[in-house]
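What follows is a set of notes on a single structure, which appears directly below.
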Amino acid sequence: MSEKPFKTHEQLIELLSSRGMDFSAPDSKSFAKKKLQRIGYYNLINGYSSLFWKPDCKDSYQPGTTLREIYNLYLFDQKLREIFLHNILPLETNIKSLIAYHFPKMHPETHYLTYENFDTTKKDASRNITGLLSDIQRQVAGRCSDPSISHYLNNYGYIPLWVLNNILTLGSISKFYSMMQQKERQEIAKTFHLSDKELENILTYISSIRNFCAHGNRLYCYRSKRPLSDTALHATMQLPKSEKNEYLYGKRDLFAVMIALKLTSSKRDFRRLIKDVDIALKNLYSRSTVLTQEVILTSMGFPSNWKDLLLQN
């Protein structure tokens with residue numbers, strides 16, 4: 001494997017110029033240097049250049065491509081993370097609250113985190129339940145200095161679930177829900193007018209998005225190996241399908257997150273989500289000369305009429 005020699009910011013700008021990036025504007029090189037210093041070549045260029053390459057060519061930019069326009073896509077992605085995280089957090093709180101009510105109701109004993117209290121009939125139950133309990137113990141150990149945690153451990157020898165929830169990640173809570181006994185899962189799912197399997201799948205999908213948002217990972221072109229399950233909304237929207245009979249939108253992309261949040265959010269909150277995403281998109285459109293609306297929406301996994309589809313019913 002060939003080495004990657006160090007390059008100064010000036011040399012990196014010359015490299016971008018040799019690949020067709022436009023630096024004809026008077027302040028374009030000084031702007032580029034400032035952004036490379038603050039964000040880094042890898043995070044900005046490697047992270048957000050792909051939409052600007054010429055077709056079938058990964059070392060030559062489309063005519064008119066500027067670093068400023070790539071930076072605008074970077075800012076758009078940053079805004080998307082803020083929007084989705086803002087809308088996922090209330091769902092996270094809601095799920096934690098519901099679990100903290102229904103699980104202790106059925107298992108009121110002090111030391112409730114026992115293997116028998118979970119659904120031991122599920123596939124790979126032994127491995128998954130013991131893995132969940134180990135993960136919870138690791139998170140508790142990492143937060144043992146937290147006053148609320150240490151208070152209960154020192155005075156009562158255990159941590160109530162409604163307190164424990166405050167330190168558990170959405171991923172852990174999602175696994176906790178999936179391992180609860182079916183009747184308990186169904187009681188929680190009824191809150192959202194969903195089946196327990198539908199809610200379990202939604203929480204798994206949203207957990208991944210939550211991690212991307214929290215860790216600053218590139219989000220706009222998100223694709224998941226584990227798809228969102230087909231829902232009634234997929235059929236109602238009459239989304240097109242692939243040759244493999246999978247919906248082309250709303251399965252492994254950001255449109256799937258919109259569907260998941262529509263099924264788990266209030267109408268008011270969801271309309272605000274649509275408005276916020278629409279504003280972010282329009283801001284990007286207004287600053288784009290190389291990228292078309294079609295290219296941007298396709299990269300996100302959004303159909304062209306995404307707003308109309310999500311606002312119906």
Side-chain angles (χ1 to χ4, degrees), residues 1-86 208-224 252-255 257-258 275-304 306:
M1 183 179 294
S2 60
E3 295 183 358
K4 290 283 187 179
F6 170 82
K7 288 184 173 63
T8 65
H9 292 122
E10 290 77 10
Q11 289 173 323
L12 290 172
I13 290 170
E14 288 304 313
L15 175 64
L16 293 172
S17 179
S18 70
R19 291 177 174 176
M21 187 172 289
D22 185 356
F23 288 99
S24 59
D27 66 338
S28 58
K29 289 189 177 181
S30 62
F31 175 85
K33 185 175 180 179
K34 288 178 182 177
K35 298 311 173 187
L36 291 177
Q37 287 174 334
R38 186 169 70 85
I39 303 169
Y41 185 92
Y42 180 82
N43 290 334
L44 182 59
I45 304 302
N46 288 26
Y48 295 90
S49 278
S50 60
L51 295 186
F52 297 89
W53 293 118
K54 289 180 179 178
D56 303 320
C57 183
K58 292 185 177 182
D59 60 358
S60 183
Y61 290 103
Q62 297 179 51
T65 296
T66 63
L67 192 136
R68 189 178 296 273
E69 189 158 341
I70 293 176
Y71 177 64
N72 288 336
L73 180 60
Y74 169 87
L75 292 179
F76 169 72
D77 197 47
Q78 190 176 65
K79 187 62 179 179
L80 277 185
R81 290 196 296 271
E82 293 174 4
I83 292 171
F84 280 110
L85 185 59
H86 178 76
S208 179
I209 296 295
R210 166 75 160 85
N211 288 338
F212 266 61
C213 294
H215 294 101
N217 295 334
R218 186 177 56 187
L219 185 66
Y220 80 94
C221 56
Y222 176 86
R223 294 296 185 273
S224 173
R252 304 172 186 271
D253 46 37
L254 283 189
F255 196 62
V257 190
M258 299 295 286
K275 182 179 179 181
D276 289 344
V277 172
D278 189 39
I279 290 173
L281 278 167
K282 286 178 178 176
N283 285 338
L284 180 60
Y285 296 157
S286 67
R287 298 170 183 171
S288 298
T289 56
V290 174
L291 300 183
T292 64
Q293 293 186 26
E294 181 183 3
V295 167
I296 294 168
L297 290 177
T298 298
S299 70
M300 296 170 65
F302 274 39
S304 59
W306 66 275

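Worth knowing before you read on, the calculation uses all heavy atoms, side chains too, and leaves out hydrogens, waters and symmetry mates.
- Between the His215 side chain and the Asn211 main chain, a donor and an acceptor come within less than 3.5 Å of each other.
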- Query: How far apart are the C-alpha atoms of Tyr285 and Thr292, what are their side-chain angles, what is the distance that settles it, and do they pass the side-chain hydrogen bond (donor to acceptor under 3.5 Å, both in side chains) test?
  - Reply: CA-CA 7 Å; Tyr285 296 157; Thr292 64; over 6 Å; no
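- By the salt bridge (Lys or Arg N to Asp or Glu O under 4.0 Å) test, Lys7 is found to be paired with no residue, residues two or more places apart in sequence or in another chain being considered.
- At least one side-chain heavy atom of Gln37 sits under 4.5 Å from a side-chain heavy atom of His9.
- Taking the centre and axis of the six-membered ring of Phe212, the NZ or CZ atom of Arg81 falls outside the cone set by 45° and 6.0 Å.
- To the nearest 0.5 angstrom, Lys282 atom NZ is 14.5 Å from Arg287 atom CZ.
- A salt bridge links Glu10 with Lys33; the closest basic N to acidic carboxylate O contact falls under 4.0 Å.
- Checked against Thr65 for a side chain to side chain contact (heavy atoms under 4.5 Å, CB included), the options Leu51, Asp22, Ile70 give a single hit: Ile70.
- Counting heavy atoms from C-beta on, the side chains of Lys54 and Tyr61 never come closer than 4.5 Å.
- Between the side chains of Glu294 and Ser304, no donor-acceptor pair of N or O atoms lies under 3.5 Å.
- Under the rule for a salt bridge (Lys or Arg N to Asp or Glu O under 4.0 Å), Lys275 has no partner lying at least two apart in sequence or in another chain.
- Checked by atom type and distance alone, the side chain of Gln11 pairs as donor or acceptor with a backbone atom of Thr8 at under 3.5 Å.
- Side-chain contact between Met300 and Asp253 is absent, with no heavy-atom pair separated by less than 4.5 Å.
- In terms of heavy atoms, Arg210 sits closest to Leu85 at CD-CD1, 3.6 Å.
- Looking only at side-chain heavy atoms (C-beta outward), Leu15 and Tyr41 come within less than 4.5 Å of each other.
- Contact annotation: the side chain of Leu67 approaches that of Leu44 to within less than 4.5 Å [non-hydrogen atoms, C-beta and beyond].
- A donor-acceptor pair is defined here as one N or O able to donate and one able to accept, closer than 3.5 Å; no such pair exists between the side chain of Asp77 and the backbone of Leu73.
- Here the side chains of Leu254 and Leu80 are in contact, with some heavy-atom distance below 4.5 Å.
- A distance of 10.0 Å separates CD1 in Ile209 from CG in Asn217, rounded to the nearest 0.5 Å.
- With Gln62 contributing its side chain and Trp53 its backbone, the two residues share a donor-acceptor pair below 3.5 Å.
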- Message: Run the side chain to side chain contact (heavy atoms under 4.5 Å, CB included) test on Leu281 and Trp306 for me, step by step, so that the C-alpha distance in whole Å, both residues' side-chain angles and the decisive distance to 0.1 Å come before the verdict.
- Response: CA-CA 12 Å; Leu281 278 167; Trp306 66 275; 3.6 Å; yes
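- Annotation for Asn43 and Ile39: closest pair ND2-O, 3.1 Å, computed over non-hydrogen atoms.
- Lys79 and Ala280 get closest at one heavy-atom pair: CG-CB, 4.1 Å.
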- Query: Which is it for Tyr71 and Phe31 under the side chain to side chain contact (heavy atoms under 4.5 Å, CB included) test, yes or no, and what are the steps along the way?
  - Reply: CA-CA 10 Å; Tyr71 177 64; Phe31 175 85; 3.7 Å; yes
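- Within the 3.5 Å criterion, the main-chain N or O of Arg252 finds no donor-acceptor partner in the side chain of Ser224.
- Using modelled atom types, one finds a donor on one side chain and an acceptor on the other under 3.5 Å when comparing Ser208 with Tyr222.
- Salt-bridge annotation for Glu14 and Arg19: absent, with no side-chain N of the basic residue lying under 4.0 Å from a carboxylate O of the acidic one.
- Taking CZ of Phe52 as the start and OG of Ser288 as the end, the distance is 6.5 Å to the nearest 0.5 Å.
- In this structure, Asp27 and Arg68 have side chains that are in contact, with non-hydrogen atoms separated by less than 4.5 Å.
- A donor-acceptor distance shorter than 3.5 angstrom exists from the side chain of Ser299 to the backbone of Ile296, with no hydrogens or angles considered.
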- Please assess Cys213 against Leu219 for the test side chain to side chain contact (heavy atoms under 4.5 Å, CB included), listing each intermediate value before the final yes or no. CA-CA 7 Å; Cys213 294; Leu219 185 66; 3.9 Å; yes
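- A parallel orientation is assigned to the rings of Tyr48 and Tyr220, their planes being inclined by less than 30° (bins at 30° and 60°).
- The minimum heavy-atom distance linking Gly301 with Phe255 is given by the pair O-CB, 3.1 Å.
- A donor-acceptor pair under 3.5 Å is formed between the side chain of Ser49 and the backbone N or O of Ile45.
- The side-chain heavy atoms of Ile13 and Leu36, taken from C-beta on, include a pair separated by under 4.5 Å.
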